[in-house]
Each structure stands twice: as structure tokens, then as C-alpha cells.
Amino acid sequence: MEIIYLILLTASCLTGLWITNNHGAKIFSTKLNFAVWYFIVEFFLTAVLATYTIDNVGLKTNWVFRLIPEAEFPRFQVIWILTWSAIAIPVGFIVANFSLKKLKLMSNYEDFLEKKFVDSFNITIFEKLWLGIVLFYTAFVIYKIGFIPQIESLSWSPLEISHFRGKMTHNFPASVHLKELIGLRIIPILSFYYFSKFLRVKTKPNFLLALAHIVLSIFFVSINLNKSGIAFYSIGLIITYGIVKTEIRFKHILISFAIVFTILLGSYSMVRKDLNLVKLTKGIYHRVVYTQAYGNYYSLHYFPQKHEHLGFSSISKFIKKFGFNYSPQASRLMMKVADKKGFEDGRAGYLTSSFISEAWANWGIFGIIFGPIFVGFIIKFLIGLLISLPKTDLSCALIAFSSYALQIGSGINNIIFPRYLIATLSLFFITYKLTKKKQGKNR
């Protein structure tokens, strides 16, 4: 019976792949794009692939699966949910395309790639403003921490690194909101912006500004010694390269992914203090394919048997301002049970899972049915809004960031209410308009 279910899952994934290729963006392209990242990497690799290889030995030895009674293990339920999601996500793309056309906005991603760059006004004031903000904020964060974590950690043990990660995740010494907004969004977007400028106009100032923002981006995405932060960020650079360059050869793809894999190896070796390439490679494979899928199974066991469905209570702490009760998100609640000791001493953060885990934890069967469609809709609608802008270095940077940063492999809450992304886009729009007006007066 399980073989039949897996065959149906495979057929569903292939169908979803076809729909995505026709209504999302070209999957079989030499240019990495949002469709490849969200559907193939974050959905298939981190959620679907594990279902083919989870066996009875894994159920008895895995630290998360052992928490679920063998007779209650939701193997078939997860397969059915993934089978539906493989179709539902690209259906969301179709709904988004229909909405974009009704609003007379672009829906074809490849049409944007064919656009010519529009050289807008000289935005020197815009660049100087954000450069000043970025440098000041970086200096402030280093001052509050007291050292540069990536350098200090070279002499730490794996346990010390684990404790530091927990501390930085749950007790960041400066404003968490500013770190999320400036450190993890604005600075990477600016790095893609300058990288785009350099690819088009290879001057020394463009190179230095691109390099500086890339270094600062790496500092912030790995500030809590996250093993995958730099690799994720590298995806944005690869997507930017594909948007700007008219032709990408197969060798460029191989080089790009070799660089990402090398970065992952380096990150894991630094954190684990291990130089065994075989063990490190197995660790990366296990982290991508299995660890990310744990929460999908445990969520179906934990909610609502052990904890009632969360509804909208875990979307954001902001709801408390309106008198509603707030609940920590599902991945945090599950980790509290899965690793009590690690949770209490600050090492354990969140039980990783894909968006379907959080959709089930929040709304049960309604989350499972409508969640994937909504996720597909938001992804494609956001991309549609951005590709409808004139093709500039800034719009390319925003597209590159949005093509990987929604993180459907983490949950659905941040997709429903992407407050930091909304704030980022608003700040760029406001400062762009104000500096444009200011610069126009100075002419």
C-alpha cells in the first residue's frame, strides 16, 4: 500500500513541476529563479524526499520520531498532505497570474528577464543615506555584542557554539527588530543592488561597494553562527547574476553550486570542529533532507492531541496590542517538548519543519487544504508586483531577495504576515522617492 501512495506522490510532484514550469517560472533554465528554489529545493528536497527513505529503523532510532508511538506514526497522512501540496502550490501560481492580469501587471517572469535596464536618475543621495545607516548599525551591533562572533568562535567548542547560538537567537543584545530589518534584509538587498551595478558597470567604486555589502551581509546572516545562513545568502547572489546577465552557461551553474556546497562544508566544519569531508557531507544531506522534515510528522502527532490548534494566535506578538492572546509558534512549542533539556538551558531553538507543519498546527485540515494554495499565490503575486517595476539594479535586488527569503521550508506565519519584508519595501520606496525629490532640487 505504501508503494502505491509513493507512486501517487511522485506523479503529483511531476504534475506540479509541469504546472510550475508553465505558470511560475522556467524550471529547466540555466538561471536560478524563485520557482526552482521554492518548489524544488524548499518543497521537494526538504519535505518530500525524506518520505521515500524513512524506514522502521529510523522510526526507532531518530530522536524526534521516538516521541511518536509507532502505531500512531503519521506516515501516510504526511504523504497525502505532500501529494496535495505538490499540486496546490503551483495552483496558487495560477490564481496569482489571474489576479495580476486583472490588475494589468506582469505575470511572465521570463518577460522581465528580456527587459532592458532603465537608467534612472543618479541616486547618490539614496546610496549615501543607506551606506551611513548600514555602517552605523553594524558598528553598534558589534559594540553591543563586544566582539565579532565569527572570529571568536574559532576557539570555541561545539557546546560553547551551541549555547551562543541559543543566546543570540533568544536574547539578542540589541533590538531584534532592527537586526531582522536592517541586518537580515536591507543589507543583503543592498549587496544584491551593488552586485548588479558591478555586473553591468565594472568600476572600482562599484566593486568596493559590492564587496563591502557582501561582507556585511555575511556578518549578519551568520551572526548567530547559523550553519546555513551564508549558503542561503549565496542563493540571492546567484539569482541576481541570472537576472542581470543575458546568458548563463552550464559551467556557471556548476561553479555556483560548487561554491554554495563549499560554503556549507566550511560552515559545518567550523561549528562541528571536524574536517572529515565524508561525515560533513552526510551531515549536510541529513540536515537538508531529514531534519527539516521532522516537524511535519511531529506536528500531526502533537496537534491537537497534545495541544489545541493555534489559529492566528502565533502569527505575531503584534496581536497583543489589540487584546488578543499570543502563542509562541508551533515549532517553538514542539521543541519545548522534543528537547526539554536543550530548551531549558537555551541551546534548543525551533523544531524545523516546512510550512505544512505550521499550517496544520494553526488551522488543522483547513490549513492543509488552503495553506499550500495561499503560499503559491503569495510567492507569485509578490514576484509579479516586482517584475512589473522598471528593470533597475534596485528592482533586480528586490526580486533576488524575494526569490529565496520567504522560507516556505520554515513555516507559513511569515508568509501570511511578512512584516519585515513589508517594512523593507516601504522604507526603500520612501527613501527612494524622498532622495529623488531632494536630488532633483539640487540640480
Side-chain angles (χ1 to χ4, degrees), residues 32 123-124 126-156 161 164-165 168 172-175 178-244 255-271 393-394 396-398 400-401 403-405 420 424 427-428:
L32 182 62
I123 55 176
T124 306
F126 175 86
E127 293 176 347
K128 288 182 177 179
L129 171 66
W130 280 113
L131 181 60
I133 293 173
V134 164
L135 292 177
F136 176 80
Y137 180 69
T138 303
F140 174 75
V141 168
I142 295 175
Y143 167 75
K144 293 295 289 185
I145 297 175
F147 51 84
I148 297 177
Q150 294 87 339
I151 296 176
E152 289 293 317
S153 66
L154 294 175
S155 60
W156 292 350
I161 290 173
F164 179 79
R165 285 192 64 186
M168 292 295 283
F172 191 69
S175 169
L178 286 179
K179 181 196 75 171
E180 291 286 337
L181 181 62
I182 300 177
L184 299 182
R185 287 166 179 80
I186 289 177
I187 294 177
I189 290 172
L190 287 172
S191 73
F192 302 150
Y193 165 76
Y194 285 112
F195 183 54
S196 173
K197 285 190 69 174
F198 173 69
L199 289 175
R200 294 198 308 119
V201 184
K202 292 179 173 59
T203 63
K204 187 175 180 180
N206 285 345
F207 171 77
L208 293 175
L209 285 167
L211 180 62
H213 283 82
I214 289 172
V215 170
L216 292 177
S217 296
I218 291 172
F219 168 73
F220 278 104
V221 299
S222 62
I223 198 168
N224 68 343
L225 307 182
N226 187 330
K227 295 186 289 294
S228 58
I230 301 175
F232 274 107
Y233 167 71
S234 301
I235 298 300
L237 292 173
I238 295 171
I239 294 175
T240 303
Y241 189 85
I243 295 173
V244 176
I255 293 171
S256 298
F257 284 99
I259 291 172
V260 173
F261 185 70
T262 302
I263 290 171
L264 277 173
L265 281 177
S267 300
Y268 268 72
S269 66
M270 287 178 63
V271 172
D393 296 308
L394 186 56
C396 289
L398 293 173
F401 183 80
S403 295
Y404 78 94
Y420 292 114
T424 299
L427 282 172
F428 275 131

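Note that the coordinates shown come from a computational prediction; the quantities given were computed from them, not determined experimentally.
Counting heavy atoms from C-beta outward, Lys179 and Val141 have side chains that stay 4.5 Å or more apart. With a 4.5 Å cut-off on side-chain heavy atoms, Pro149 and Phe164 count as touching.
For Ala174, the side-chain contact (heavy atoms from CB on, under 4.5 Å) criterion is met by Phe140, Lys144, Phe172, not counting sequence neighbours. In this structure, the ring pair (Phe, Tyr, Trp, His ring centres under 6.0 Å) partners of Tyr137, at least two apart in sequence or on a different chain, are Phe220. Partners of Leu208 under the side-chain contact (heavy atoms from CB on, under 4.5 Å) rule, at least two apart in sequence or in another chain, are Lys204. Take Thr138 and apply the side chain to side chain donor-acceptor pair (under 3.5 Å) test, not counting sequence neighbours, and it matches no residue. With sequence neighbours excluded, the residues forming a ring pair (Phe, Tyr, Trp, His ring centres under 6.0 Å) with Tyr194 are His213, listed by chain and number. For the side chain to side chain donor-acceptor pair (under 3.5 Å) test, residues two or more places apart in sequence or in another chain that qualify with Ser196 are Asp393. Considering only residues two or more places apart in sequence or on other chains, Tyr420 meets the side chain to side chain donor-acceptor pair (under 3.5 Å) condition with His177. For Phe207, the side-chain contact (heavy atoms from CB on, under 4.5 Å) criterion is met by Phe198, Leu211, not counting sequence neighbours. In this view, Thr262 satisfies the side-chain contact (heavy atoms from CB on, under 4.5 Å) rule with no residue, not counting sequence neighbours.
Residue pairs that meet the salt bridge (charged side-chain N to carboxylate O under 4.0 Å, His left out) test with at least one member in residues 206-220, sequence neighbours left out, do not exist here. Applying the salt bridge (charged side-chain N to carboxylate O under 4.0 Å, His left out) rule to pairs touching residues 184-199 yields Glu127-Lys197, Glu180-Arg185, sequence neighbours excluded.
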| task | Under the side chain to side chain contact (heavy atoms under 4.5 Å, CB included) rule, what do Phe428 and Ile189 come out as? Steps first, then yes or no, please. | result | CA-CA 10 Å; Phe428 275 131; Ile189 290 172; 3.7 Å; yes
| said: Run the side chain to side chain contact (heavy atoms under 4.5 Å, CB included) test on Leu181 and Leu427 for me, step by step, so that the C-alpha distance in whole Å, both residues' side-chain angles and the decisive distance to 0.1 Å come before the verdict. | reply: CA-CA 10 Å; Leu181 181 62; Leu427 282 172; 3.8 Å; yes
| request: Please assess Met168 against Ile223 for the test side chain to side chain contact (heavy atoms under 4.5 Å, CB included), listing each intermediate value before the final yes or no. | output: CA-CA 8 Å; Met168 292 295 283; Ile223 198 168; 3.9 Å; yes
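To the nearest 0.5 Å, atoms CG (Leu135) and CD1 (Ile187) are separated by 8.5 Å. The distance from atom CD1 of Ile182 to atom CG of Leu216, rounded to the nearest 0.5 Å, is 12.0 Å. With rounding to the nearest 0.5 Å, the separation of CZ in Phe195 from OG in Ser217 is 12.0 Å. Atoms CG and CD1, on Asn224 and Ile161 in that order, are 11.5 Å from each other to the nearest 0.5 Å. Put simply, CG on Leu190 and CG on Leu131 are 9.0 Å apart, with the number rounded to the nearest 0.5 Å. Rounding to the nearest 0.5 Å places CZ of Phe219 at 9.0 Å from CD1 of Ile151.
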Pairs under 3.5 angstrom only: tabulate donor-acceptor contacts from the side chains of residues 232-240 to other protein residues two or more places apart or in another chain.
residue, atom, partner, partner atom, Å
Tyr233, OH, Ser191, OG, 2.7
Ser234, OG, Ile230, O, 2.9
Thr240, OG1, Gly236, O, 2.7

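Between Val221 and Asn226 the shortest heavy-atom distance is O-CB, 4.1 Å. Minimum interatomic distance between Arg200 and Val244 (heavy atoms only, all atoms of both residues): CG-CG1, 3.6 Å.
Taking the six-membered ring where tryptophan is involved, the planes of Phe147 and Trp156 are perpendicular, since the angle between them exceeds 60° and thus also 30°.
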